[in-house]
Amino acid sequence: MMSSNATTIATTSLPLINFANFTNSSTESRLRTAKQLVSACRTTGFVYIINHGVPKHELERAFAISSKFFDLPLEEKMKAPHPPGWSVHRGYSWPGFEKVSNATSSKEDEVAVRKLREVKDVKESYEVGSESNPDMPNIWPLEEVLPEWQPFMTEFYWTCFEAAKTVLKALALGIGLEEDALVSLHSGHYNQLRLLNYPPIPAQALEEGTSERMPAHTDWSTMTILWQDDCGGLQVEDPNHAGKFINVEPVEGALVMNIGDLMMRWSNDVLRSTSHRVTLPPLQDRIEGEGRITRQRKSIVYFLSTDPDRLIEVMGSCMKTLLQRAHSLQCFDLTVI
Ligand SMILES: O=C(O)CCC(=O)C(=O)O
Ligand SMILES: [Fe+2]
């Protein structure tokens, strides 16, 4: 559903989970934390996680190198362009190239695409994958343009995967599966690391909808983890009030985790893939000067995907929910073991 005309509420009420209580903790504490995570994923589908295992200095370096790349002149960035078409999602996407939408179609519908593209997404991104993904070879900036990009991003990709695996383990435990049940379907080679930059833009363009940062959408992934800078603007749709959006305010040191469409389906809709978007930052003091120029914003996103040859069936404990629904029983609290 496109929700561009939706109203906004300005409170943050997303759960925050401390993973120090999951890693290196007692069995009891691990289970409690896992259940907290699952409970959050059943309601908002969005949650903050602190003590997630990605070292602070690595994140700072990732943001610093990302800035270095996006600050380059366009012609330098264009030396590693995203290829045309859908099939390979790698390399640099310049402002206006990608249009995010939740529209679906079974065929190429040029008219609908042209209509969607009338309002541009003012953002740029760089997609990185595993060097061993046979379907999507990486595209790297020339070494003389930014020598540290390839070695750092190649390693950082796997650092993010380690953190994501811990989240997958907690999810599995929390829904009553073996701890490794979800991890075992993810070799890591089909994930996607996405560096994002939202250039400064007049506030009015976002207010009037003549430009967008990132329109409302759900993620296709198993799940997504992301880090944002201190600018703000990420919002998630309130699961209890369709069309209302809650600010996902920047929380220092926290990652934001959200359930993707695949996991929602896999869990028989028990875990929710929630619509989210990036729009105007919430505070007036984030908007500078006469044109009320909205600050630049950066984020780092990591999408998790199963290996393509794995069979995805409704998870065992969620199957009970299906049966309970069929018998008109309350499914809440009955299934999470
Ligand atoms: O930039 C952000 O904070 C959100 C990015 C996002 O939702 C996406 O890339 O799917
Ligand atoms: Fe997203």
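Every heavy atom of this structure was used, including side-chain atoms; hydrogens, water molecules and symmetry mates were not. Model, not experiment: these values are computed from the prediction. We count residues from 1, following the sequence as given. Numbering of ligands and ligand atoms starts at 1, following listing order.
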>> Could you list the cluster mates of Leu311? Members are the ILVMFWY residues connected by side-chain heavy atoms closer than 4.5 Å, either directly or through other members.
In response: none
>> Considering only residues two or more places apart or on different chains, which pairs with a residue in residues 55-80 satisfy ring pair (Phe, Tyr, Trp, His ring centres under 6.0 Å)?
In response: Phe69-Tyr92, Phe69-Tyr126, Phe69-Trp149
Answer whether the closest heavy-atom distance between the side chains of [X] and [Y] falls below 4.5 Å.
| X | Y | answer |
| --- | --- | --- |
| Glu124 | Trp94 | no |
| His276 | His217 | yes |
| Lys169 | Val183 | yes |
| Glu131 | Gln150 | yes |

> If only atom types and distance count, is the side chain of Thr218 paired as donor or acceptor with the main-chain N or O of Asp261 below 3.5 Å?
Replying inline: no
> Tell me, which protein N/O/S atoms are under 2.8 Å away from the Fe ion (ligand 2)?
Replying inline: His217 NE2, Asp219 OD1, His276 NE2
> Going by an N to O cut-off under 4.0 Å, is there a salt bridge joining Lys165 and Glu162?
Replying inline: yes
Table of N or O contacts for ligand 1, cutoff 3.5 Å:
from	atom 1	to	atom 2	distance (Å)
ligand 1	1 (O)	Tyr198	OH	2.6
ligand 1	1 (O)	Arg297	NH1	3.0
ligand 1	1 (O)	Ser299	OG	2.7
ligand 1	3 (O)	Arg297	NH1	3.1
ligand 1	3 (O)	Arg297	NH2	2.9
ligand 1	7 (O)	His217	NE2	3.2
ligand 1	7 (O)	His276	NE2	3.1
ligand 1	9 (O)	Arg194	NE	3.0
ligand 1	10 (O)	His217	NE2	3.0
ligand 1	10 (O)	Asp219	OD1	3.2

> Hey, any chance Val236 and Leu280 share a hydrophobic cluster, counting ILVMFWY side chains that come within less than 4.5 Å of each other, even indirectly?
Replying inline: no
